[in-house]
2 protein chains.
Amino acid sequence: MTLNTAAVTVDLVLLTIRQGELQVLLIRRGIPPFEGRWALPGGFVLPAEDLDAAAARELREETGLDPSSGHFEQLATYGAPGRDPRGRVVTVAYLALLPDLPAPVAGSDAAGAEWRPAFATGELAFDHGRILADGIERARAKLEYSPLATAFCPPSFTIAELRAVYETVWRTTLDPRNFHRKVTGAENFIEPTGETAIRDRGRPAQLYRRGTATLLHPPLLRP
Amino acid sequence: MTLNTAAVTVDLVLLTIRQGELQVLLIRRGIPPFEGRWALPGGFVLPAEDLDAAAARELREETGLDPSSGHFEQLATYGAPGRDPRGRVVTVAYLALLPDLPAPVAGSDAAGAEWRPAFATGELAFDHGRILADGIERARAKLEYSPLATAFCPPSFTIAELRAVYETVWRTTLDPRNFHRKVTGAENFIEPTGETAIRDRGRPAQLYRRGTATLLHPPLLRP
DNA sequence: GCTATTATCGTCAACATGACGCTAAACACG
DNA sequence: CGTGTTTAGCGTCATGTTGACGATAATAGC
């Protein structure tokens, strides 16, 4: 059973927006290989476990969160022969977009898990740098055509907060008036809760919740 | 080495347009399980082989084609515990969009490989029905925002032939005049070769080749 | 009050879109 | 040769979307 078999793992690209920047959950490795380096959280797929289930289990173990808290999808699979010096390991990467947690990394069983700036992680262990880059690019692209930006937001949010998500992930600035027109005009993207909230300074803003759309029409294209 | 290991295979969703319809390359299984059923071509990943390389090798074995002949990308990975009754098999699916081959399935080592209508395959072996459906949906979506429709075309083609690709994959009809305006207006999508060709009846058409664009701007949205 | 700040609405020109008319260039047929 | 048929390619028009940006509303701080 050694021919043509490989260890199968799942690795997670968990993205959130904290402190006004895109951050990713990383774990500092305590053992070789890559001892002391940051790595994506992950682990083995159990013998009778589906891939999605393994990724969901890892998500719970690392963050205490449920996959339904934000957005969760398979990203891609990486299996270059030399990617793990210990042997043949094929990893199925998952991407999750999560709201900023009130209780950060509660119940994590992985000591040393930390939210780190996604655009300045330094060199990661294994091929995790590439996996992270692929995850960020997927997230950026999905914000254009899907309502997934709301996955970064709490259940109710202002349009300015939603705009901040786009600006943070895309690393750009957007005109507040045009953005307001587009997101309120897109079918079932967001719906008003009826309440208003004062966030920082200035006029109070309407609160919105996610709408029912799964595709954004019309889309919000990157400038 | 039985704990946490699995056999890793690649399966191919090879799409082409033949006889005016979207077709997929399938293989009739000669042995159990699923004996007699149609299945996607695929095979084991060799011990020292990258996933992309394994998929490219299978493509060559089945069709004699190079991945650069059309478009080639990883689709998704499937690893439900019961998907193969013989044991734990995780499969990495690849999607290829290919031009109609002048020499169909030349050099195929898989007896019983055939191009079959992609929208009417009947029940496939394993979870290949789902993999095929995912592949078709990916292809449909990619035609909107990328110039990949040209992957179905020979090196030089008319705008009507390109339109037939969209109409076949999307199962719809498009206005020839608006389509002409959009594809010629999209930046670097296609460039004229300078030659003209008479295809069937009517006025001769300009011939075009693929342009350099990797993203379609503006996109061609499904009606 | 007055000012700074943010939210929301409105205006306008440029561009994209769908529906569809019109002419051009080939062939087939009598 | 002339006429009809077919497809290619251009043009028009009403409508919708976009980016740039003006104007007003509602709050806090002073």
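All heavy atoms count here, side chains included; hydrogens, waters and symmetry mates do not. Letters go in sequence order (proteins before strands), and every chain restarts at 1.
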*For A:Phe179 and D:dT17, give me the distance from atom CZ to atom P, rounded to whole Å.*
17 Å

*Plane angle bin for A:Tyr166 and A:Phe189 - parallel if under 30°, tilted between 30 and 60°, otherwise perpendicular*: perpendicular

*Is any side-chain nitrogen or oxygen of B:Lys182 closer than 4.0 Å to OP1 or OP2 of C:dT17?*
yes

*Between A:His180 and C:dA7, is there a side-chain N or O to OP1/OP2 distance below 4.0 Å?*
no

*Check whether any side-chain nitrogen or oxygen of B:Arg201 sits under 4.0 Å from OP1 or OP2 of D:dT7, and answer yes or no.*
yes

*Ion pair check, B:Arg28 and B:Glu114, cut-off under 4.0 Å*: no

*Under 4.0 Å between a side-chain N or O of B:Arg163 and OP1 or OP2 of D:dA8?*
yes

*Closest to the B:Asn178 side chain, choosing from C:dC20, C:dA26, C:dT17*: C:dC20

*Please tell me which of the listed nucleotides, D:dA28, D:dC21, C:dC20, lies nearest to the side chain of B:Asp175?*
C:dC20

*Polar side-chain contact B:Arg203-D:dA8 base: donor and acceptor under 3.5 Å*: yes

*Check: B:Arg181 side chain, D:dG11 base, donor-acceptor under 3.5 Å*: no

*Under 4.0 angstrom, heavy atoms only, what part of the nucleic acid is B:Arg199 near: base, sugar-phosphate, or nothing?*
nothing

*Answer yes or no: side-chain N or O of A:Arg177 and base N or O of D:dG22 forming a donor-acceptor pair under 3.5 Å.*
yes

*Within 45° of the axis and under 6.0 Å from the centre of the six-membered ring of B:Phe119, does NZ or CZ of B:Arg171 qualify?*
yes

*Parallel, tilted or perpendicular for A:His128 and A:Phe126, by the 30°/60° rule?*
tilted

